[in-house]
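Every chain is numbered from 1 and lettered A, B, ... according to where its sequence line falls, protein lines coming before strand lines. Predicted model only: the values in this text are computed from it and were never measured.
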Amino acid sequence: MNFDYQTRRKLTDRTMVFLCGAAAFIAMIPLVSLILYVLLQGFKRLDWAFLTHLPAPVGVPGGGMANALLGTLTLMLLASLVGLPIGIMAGIYLSEYGKKNKFAWAVRFTSDVLSGVPSIVTGIVAYTLVVKPMHNFSAIAGGIALGFMMIPIVTRTTEELVKMVPHSIREASWALGVPQWQTILAIVIRTAKNGILTGVLLSVARIAGETAPLLFTSFNNQFWPQSPDEPTASLTVQVFTYAISPFKDWQDQAWTGALVLLILVLAINLAARTFFKNPRGLLR
Amino acid sequence: MIDELAEKDKKKEKKKVENQEHRGEARKIEVAHHENEGEQHSLKMKAEGVCAWFGTKQALYDVNMAIYEKDVTAIIGPSGCGKSTLIRCFNRMHETVPGSRFAGDIFLEKDSIFDPRMDPVVVRRRVGMVFQKPTPFPTLSIYDNVAIGLRLNGMRDKKVLDEVVEKSLRKAALWEEVKDSLQKAGGALSGGQQQRLCIARALAIELEVLLMDEPCSALDPISTTKIEELIHELRQNYTIIIVTHNMQQAARVSQRTAFMLNGKLIEYDATEKMFTNPENKLTEDYITGRFG
């Protein structure tokens, strides 16, 4: 028998398993160290006041980022209002009506390109389209910029998830004398509901951390947001401003802001995962 | 002790032989005897010169077939002979396949279902369908699965819905098993129950003809028996067309049998005649298991 050959096979196998494992371990290092470092640096200043107080003037101790937290939530809401209806409906169109036609091909292509566009470019576009005509920075402009970024993500995930609903379910519905539009609304979307929700949450988490498009759309504000048509603070921009400031206290607060943002994004991600695992959802 | 064992062995042996004999008998297909034999029912559906294509591939060649009211009509034939395609023409499901084409005509009583003024949605409400694989709507409850056909057709009255759900589940012989868990997901039932749920769902809309596309081929023998009993029950009120691979099943449940081969209707006659004295050599060969 050819024992040499077998030994060599085994050795190759072990080496490859080890190399892949090592690569996986290395890939984890940045993530784990990032979370740990943000936790360590940000934890110092994390307290109730940070989440409920306005920023204090330079030199005055204390203060928080409550307005920025609220601003980020507002921006997420506004972005969802812009991005979700368009994204979800476009995704349904692509999956249900536009399997092969040229228009659908164009929509798919532009979505793919759009999701690769640098976010600062999206910001400039929103600046030109919204900020300039309105003559001031505003949460609306920021929400629109973020909404633009959400559209391609939501469109493509919705399309994929609606496509995953088995054809037999649609047929069963048609065979009951249910028209196409009702089949889509009452059967297909309901079956894909949890999947779509997951895609939505992931896209919200994705835009929650955007800074560049907000720099010249929603800008920043040291006070509570009064209305969506004025400059609005956001965690990301606030972290950016504080981090590049020369003051030690502000730098510490930037870390805490980063921590809050991280927790927010992680929470949304976890929520998305539980929806996706829900036994009454799509994957059963 | 040893004697006892030997005795037992002998008994087993004997049983085996008996079983084999029994099986041998069963292989000669028994045709169920039906009470209302010879009773001529009125014409319910009629296919005239039906041809169907998928892209350029022709699946059906000039099929003419009359379906009688409150009869069970079985369609048998080897895989790919076009039997599923044929029954999918009976409720215009064939045209939902991209690239499909149809020629000929099918009548439901006096109306052509291919009349341009006829909405396929209306046809499908009168001619329901149960598929090979059970297809309950997985995220809907058992109740909603049955009620959805009516609901989507505009019925809002809770009392009527409750009634129809119970009646349909009873007709599908599923009520006793699920009456305490109507809010459970339809996907949580066993395969056989899911199939009966699909039948209940079809019965909930006021249909006249029920098409069954190999309804038992994904089920175990016990569930199969239940569905077959159900077909006997449903015959009182509905016209049924069933596609099946199982010739015994065709013999057991149907009054008329059609044999198809390569997209053509080879022979169509009373089930008893088809299984005992078929006209066509091909039918005989298929039924006796010489090919297919």
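Using a 4.5 Å heavy-atom threshold, the side chains of A/Arg190 and B/Leu140 count as touching. Side-chain contact check for A/Val188 versus B/Phe137: every heavy-atom pair is 4.5 Å or farther apart. The shortest side-chain heavy-atom distance between B/Pro136 and A/Ile169 does not fall under the 4.5 Å cut-off.
Contact of B/Arg88 with chain A is made through the side chain alone, with heavy-atom distances under 4.5 Å. Heavy atoms closer than 4.5 Å to chain A are found nowhere in B/Leu207, neither backbone nor side chain. Looking at A/Ser173, the atoms closer than 4.5 Å to chain B (heavy atoms on both sides) sit in the backbone and in the side chain alike. Contact annotation for B/Asn145: neither backbone nor side-chain heavy atoms come within less than 4.5 Å of a heavy atom of chain A. Interface residue A/Ile187: only side-chain heavy atoms are found under 4.5 Å from chain B.
Of all the heavy atoms in B/Phe131 and A/Ala172, the pair that sits closest is CE1-CA, 3.6 Å.
Taking the charged nitrogens against the carboxylate oxygens, B/Lys133 and A/Glu171 have no contact shorter than 4.0 Å, which rules out a salt bridge.
The local environment of CZ in A/Phe103 is sparse, with at most 12 non-hydrogen atoms from other residues, nucleotides or ligands closer than 6.0 Å. No more than 12 heavy atoms of other residues, nucleotides or ligands lie within 6.0 Å of NZ in B/Lys167, so this atom counts as exposed by the packing criterion. Remark: B/Glu163 CD is loosely packed, at most 12 non-hydrogen atoms of other residues, nucleotides or ligands lying under 6.0 Å away. No more than 12 heavy atoms of other residues, nucleotides or ligands shown are found within 6.0 angstrom of CD on B/Glu206.
Between the CD atom in B/Glu95 and the CH2 atom in A/Trp174 there is a gap of 10.5 Å [rounded to 0.5 Å].
Among B/Thr135, B/Thr96, B/Leu152, the residue making the largest number of heavy-atom pairs under 4.5 Å with chain A is B/Leu152.
Heavy-atom neighbours of chain A within the stretch residues 109-130 of chain B, taken at a separation under 4.5 angstrom, comprise B/Val121, B/Arg124, B/Arg125, B/Val127, B/Gly128, B/Met129.
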